[in-house]
S.K.: 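Sharing a structure, written as C-alpha cells. Questions coming.
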Amino acid sequence: MDYRRTLLKDLLTSPAGAEATAHGWVKTRRDSKGVSFVQLNDGSCFKDLQVVIESGSIPEDQLKHATTGAAVSFTGTMVDSPGEGQSVELKATSMTIYGEADPVTYPLQKKGATMEFLREIAHLRVRGNTFGAVTRVRNRAAAAVHNFFQNRGFYWVHTPIITASDCEGAGAMFAVSTLLHHAPDGGFVLSSKDPADDFFGKPAYLTVSGQLNVETFAMGLTNVYTFGPTFRAENSNTPRHLAEFWMIEPEMAFCDLDGDMNLAEEFVREVIQDIMDGCAPDLEFFNQRVEPELLKTLDHVVNSGFERMTYTEAVNLLVNSGETWEFPVSWGSDLQSEHERWLTEKKVGRPVILTDYPKEIKAFYMKQNEDGKTVRAMDVLVPRIGELIGGSQREDDLKKLEARIEELGLDKAAYWWYLDLRRYGSAPHAGFGLGFERLIMYVTGMKNIRDVIPFHRASGQAEF
RNA sequence: UGCCGCAUAGCUCAGUCGGUAGAGCAGCUGACUGUUAAUCAGCGGGUCGUAGGUUCGAGUCCUACUGCGGCAGCCA
C-alpha cells in the first residue's frame with residue numbers, strides 16, 4: 001500500500017475498462033437478489049463511488065462485513081453505469097476488509113442526524129457528507145487565503161502564540177503558567193504567587209491578536225499578514241464565537257483606510273470565487289441541504305461591489321428606518337446585531353463596509369480623524385453573519401497615540417516597542433482582522449461555528 | 001454571564017385531562033436480477049437527563065442541578 005494509490009475522485013473520472021482498486025469507508029450497502037451495491041467514500045471528493053457486486057463474485061460471508069462505517073477496499077473493473085446518478089462504477093471481483101464497524105453500535109447511519117448529535121461524535125462525523133464537505137471547503141479556503149496574499153507580495157509572518165504583553169486589549173485572555181500544579185486530591189496548587197517565579201518571569205497569555213506584532217513587520221517589509229490560531233477566554237455562548245479560532249490579519253505600510261477597504265473587498269470576493277471554482281459539488285450540497293440561498297448569495301457577493309458608508313450615515317438610516325429597535329440607535333452608541341443585520345440584509349442586500357466610528361467605541365490604536373470625534377475604523381458586515389471583518393488605519397502620529405493611551409488610562413510603558421514604531425520611521429499603515437471560521441460559515445451556510453472547525457474549543461467544551 | 005426553550009428506543013420525534021410507552025428510520029431475520037437515503041414482510045429494542053417534592057398514582061405538575069440549543073452581551 002502506498003499513499004499514491006488512486007483516490008476515488010480519480011476513479012470517478014477514469015474511463016470504462018480500467019482495472020482499479022478502491023479504498024474507503026462504506027456509506028451504505030443495498031442488497032437485492034442477484035446484486036449488491038456499496039457506496040464507498042474516501043473523502044477525496046463529495047461523490048461516493050458505487051461498487052457493484054454481482055452475486056457469487058464475492059463470498060457472501062465476506063461481503064456481509066461491508067456494513068456502514070467499515071474500512072474496505074474493492075478490486076475490479078471500471079464500467080459504464082447503466083443506472084442514474086453516476087457515469088461509471090466499479091464492478092468488483094474481490095474485496096479486503098481492513099476494519100469492521102459493528103452495525104449495532106456504530107453511531108452514524110445513512111439517514112440524517114442533527115448537527116448537535118454529530119458534534120458529540122466529532123471523531124466520526126468526518127465520514128459524513130456535511131463534515132467532509134466542510135473540511136474540503138476549509139482546506140480550499142486556507143489555500144486561497146495564502147494564494148491571495150502571496151500573489152500580491154504579502155509575507156506570511158508567524159506572530160507568537162504566547163505573549164507576555166497584556167496590552168493587546170482585544171478581550172479576556174488565557175493565562176500561560178508553569179506555577180499551577182495538579183494536587184493528588186484533584187485540585188490545583190499554586191507553587192508561587194509571584195509572577196517573577198513563573199516561566200517567563202512575568203505574566204504570560206495566549207494571544208488574542210497578532211496585530212501589534214505584525215505591525216512591526218509591516219514597518220519594514222511593507223505588506224504582511226498573519227494566519228494562525230487565536231484565543232479568547234470570553235465566556236461566550238453563541239453560534240459564532242470560539243475560545244480557539246484562526247484569524248487572518250493583513251497589515252500594509254503606506255496604505256490608508258481606502259486601500260484597506262479595497263483589500264478587504266478584493267479578499268472576500270477572490271477567496272469566495274476560488275472556493276466556488278474548486279469545491280463546486282460541496283457548495284451544491286450546502287445549497288441543497290443547509291442553506292437554500294447560498295449559491296445565489298455567493299454569486300451576488302462575487303459580482304457586485306460592497307456598499308460603503310460612514311457610521312454617521314448608517315445611524316441616520318437606522319434612526320429614519322421606521323423600524324422599532326430593541327436597542328435604540330443614537331450617534332455614539334455601538335451598533336447592535338439587529339442594526340448591523342438590518343443594514344446588510346434589508347437596507348442594502350449585500351455586504352456593507354461601515355467606516356469612521358466614534359473613537360469611544362473603538363480601539364486606542366486607530367487613526368484619529370480631523371473632527372476629533374471619529375477614527376478611521378471599518379467593519380465589513382455581511383448577510384447571515386454580521387461582522388466578518390474589523391479593521392482600521394492605525395494612528396501613526398506618536399503624540400496623538402501617546403495622548404490616546406494616556407486618555408484611556410493605559411500603561412504607556414508597556415507599549416514602548418509599539419510606540420517606537422511611531423518614533424522611528426513612522427508611516428501611514430492599515431490592516432484588518434478576519435475570523436477564518438466566520439468566513440467558512442459564510443461560504444458554506446453552516447449555522448454554528450462549532451461545525452466548521454475540526455474540534456471546537458468553547459467554554460466548557462474541550463472534548464476530543 | 002443574563003433571558004428563553006428543550007431533554008422519551010441507536011437516530012429523529014409523538015405522547016391529549018396525571019392512570020405503568022408509541023411511530024418513522026437504523027439494527028436483526030427473510031423476500032426481491034440494477035439499486036441510488038432501494039422496496040416489501042416479520043422480530044428485538046426504554047431506569048422517559050439526575051436528585052428531591054406534590055399525589056392513591058408522575059414521561060406529564062413543582063423545585064434544584066446537569067447537559068444541549070436559541071437570543072443578547074463580548075467580538076473575529
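For the numbers below, each heavy atom of this structure counts, side chains included, while hydrogens, waters and symmetry mates do not. All chains are named by letter (A, B, ...) in the order of the sequence lines, taking the proteins before the strands, and each is independently numbered beginning at 1.
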S.K.: Sorted by first residue and then second, give each ring pair (Phe, Tyr, Trp, His ring centres under 6.0 Å) pair with at least one member in residues 52-82 of chain A; sequence neighbours left out.
M.R.: none

S.K.: Sort out for me which residue in Thr163(A), Val208(A), Leu206(A), Val176(A) forms a side chain to side chain contact (heavy atoms under 4.5 Å, CB included) with Phe231(A).
M.R.: Leu206(A)

S.K.: Among residues at least two apart in sequence or on other chains, which ones pass ring-ring contact (aromatic ring centres under 6.0 Å, His included) with Phe149(A)?
M.R.: Phe154(A), Tyr225(A), Phe267(A)

S.K.: Round to the nearest Å and state the distance from Phe37(A) atom CZ to U39(B) atom C1'.
M.R.: 13 Å

S.K.: Please state whether the rings of Phe364(A) and Tyr418(A) are parallel, tilted or perpendicular, taking 30° and 60° as the class boundaries.
M.R.: perpendicular

S.K.: For the pair made of CG in Asp379(A) and P in C75(B), what is the distance, rounded to whole Å?
M.R.: 10 Å

S.K.: So is Arg125(A) actually on top of Phe131(A)'s ring, under 6.0 Å and inside 45° of the axis?
M.R.: yes

S.K.: Considering residues at least two apart in sequence or located in another chain, which fulfil the ring-ring contact (aromatic ring centres under 6.0 Å, His included) criterion with Phe37(A)?
M.R.: none

S.K.: With rounding to whole Å, what would you report as the distance between U63(B) and C75(B) at their P atoms?
M.R.: 36 Å

S.K.: As a test of reading the structure: which of A76(B), G70(B), A72(B) is closest to the side chain of Phe327(A), going by heavy atoms?
M.R.: A72(B)

S.K.: Measure CD/Glu387(A) against P/C74(B) and give the value in whole Å, please.
M.R.: 10 Å

S.K.: At what distance, to the nearest 0.5 angstrom, does CG of Leu8(A) lie from CG of Asn41(A)?
M.R.: 6.5 Å

S.K.: Considering only atom C1', compute the distance from U20(B) to U36(B) and round it to an integer number of Å.
M.R.: 44 Å

S.K.: May I ask you to test the Leu257(A)-Met378(A) pair for a side-chain heavy-atom distance under 4.5 Å?
M.R.: yes

S.K.: Could you run down the sub-3.5 Å N/O contacts of the protein with nucleotides 2-11 of chain B?
M.R.:
unit_1: G10(B); atom_1: N2; unit_2: Gln109(A); atom_2: OE1; d: 2.9

S.K.: Within the structure shown, what part of the strands sits under 4.0 Å from Arg29(A) by heavy-atom distance: base, sugar-phosphate, or nothing?
M.R.: nothing

S.K.: Just the rounded figure in Å: distance from C1' of G69(B) to CG of Leu118(A).
M.R.: 15 Å

S.K.: Base, sugar-phosphate, or nothing: which does Gln461(A) touch, judged by heavy atoms less than 4.0 Å apart?
M.R.: sugar-phosphate

S.K.: Distance criterion of 3.5 Å, no angle test: do you see the side chain of Arg232(A) paired donor-to-acceptor with the base of A76(B)?
M.R.: yes

S.K.: Using the test side-chain contact (heavy atoms from CB on, under 4.5 Å), find all partners of Leu317(A) that sit at least two apart in sequence or belong to another chain.
M.R.: Met309(A), Trp342(A), Leu343(A), Lys347(A)

S.K.: Mind checking what makes ring-ring contact (aromatic ring centres under 6.0 Å, His included) contact with Phe432(A), not counting sequence neighbours?
M.R.: none

S.K.: Please measure how far the C1' atom in C17(B) lies from the corresponding atom in G52(B), and state the result in whole Å.
M.R.: 26 Å

S.K.: Taking the six-membered ring where the residue is Trp, are the ring centres of Phe436(A) and Phe227(A) under 6.0 Å apart?
M.R.: yes

S.K.: CE/Met366(A) to CD1/Ile361(A) distance, rounded to the nearest 0.5 angstrom?
M.R.: 9.5 Å

S.K.: If we count only N and O atoms by modelled type, under 3.5 Å, do the side chains of Arg341(A) and Gln336(A) hold a donor and an acceptor together?
M.R.: no

S.K.: Hey, is CD on Glu407(A) packed in by over 12 heavy atoms from elsewhere, all under 6.0 Å?
M.R.: yes

S.K.: Pick out the pairs of N or O atoms, protein on one side and nucleotides 29-32 of chain B on the other, that lie under 3.5 Å.
M.R.:
unit_1: C32(B); atom_1: OP2; unit_2: Lys33(A); atom_2: NZ; d: 3.0

S.K.: Is the phosphate of A38(B), meaning OP1 or OP2, less than 4.0 Å from a side-chain N or O of Arg30(A)?
M.R.: yes

S.K.: Just the rounded figure in Å: distance from P of C74(B) to CD1 of Ile449(A).
M.R.: 17 Å

S.K.: Contact list please: residues 334-344 of chain A against RNA chain B, heavy atoms, distance less than 4.0 Å, in numerical order.
M.R.: Gln336(A), Ser337(A)

S.K.: Mind checking the P distance from A14(B) to G53(B)? Whole angstroms is fine.
M.R.: 30 Å

S.K.: Does Leu242(A) reach a base, just sugar-phosphate, or nothing at all? Heavy atoms under 4.0 Å.
M.R.: base

S.K.: Taking the P atom of each, how far is A51(B) from C56(B), in whole Å?
M.R.: 23 Å

S.K.: Using the C1' atom as the point on both nucleotides, what is the distance between U16(B) and A21(B), in whole Å?
M.R.: 15 Å

S.K.: For residues 455-464 of chain A, pull every pair meeting side-chain hydrogen bond (donor to acceptor under 3.5 Å, both in side chains), keeping only residues two or more places apart or in separate chains.
M.R.: Asn235(A)-Ser459(A), Arg450(A)-Gln461(A), His456(A)-Gln461(A)

S.K.: If I take atom NZ from residue Lys367(A) and atom NZ from residue Lys359(A), how far apart are they, to the nearest 0.5 angstrom?
M.R.: 13.5 Å

S.K.: Could you check which residues of residues 72-87 of chain A get a heavy atom under 4.0 Å from RNA chain B? Sort them by number, please.
M.R.: Ser81(A), Pro82(A), Gly83(A), Glu84(A), Gln86(A)

S.K.: U50(B) and C68(B): how far apart are their C1' atoms, nearest whole angstrom?
M.R.: 15 Å

S.K.: At under 4.0 Å between heavy atoms, what does Gln50(A) touch on the DNA or RNA strands: base, sugar-phosphate, or nothing?
M.R.: base

S.K.: If the condition is side-chain contact (heavy atoms from CB on, under 4.5 Å), which residues does Arg384(A) pass it with, not counting sequence neighbours?
M.R.: Glu291(A), Leu294(A), Thr297(A), Tyr442(A)

S.K.: Does Arg119(A) have a side-chain nitrogen or oxygen under 4.0 Å from the phosphate oxygens OP1 or OP2 of G69(B)?
M.R.: yes

S.K.: If you check every side-chain atom of Arg450(A), which of G70(B), G69(B), C74(B) has the closest atom?
M.R.: G69(B)

S.K.: Do you know which of Asn213(A), Val157(A), Val214(A), Asp260(A) makes side chain to side chain contact (heavy atoms under 4.5 Å, CB included) with Glu251(A)?
M.R.: Val214(A)

S.K.: Which stems, defined as runs of 3 or more consecutive Watson-Crick or G-U wobble pairs with both pairing distances under 3.5 Å, involve RNA chain B?
M.R.: B:1-7 with B:66-72, B:10-13 with B:22-25, B:27-31 with B:39-43, B:49-53 with B:61-65

S.K.: Which whole number of Å gives the distance between the C1' atom of A7(B) and that of G49(B)?
M.R.: 6 Å

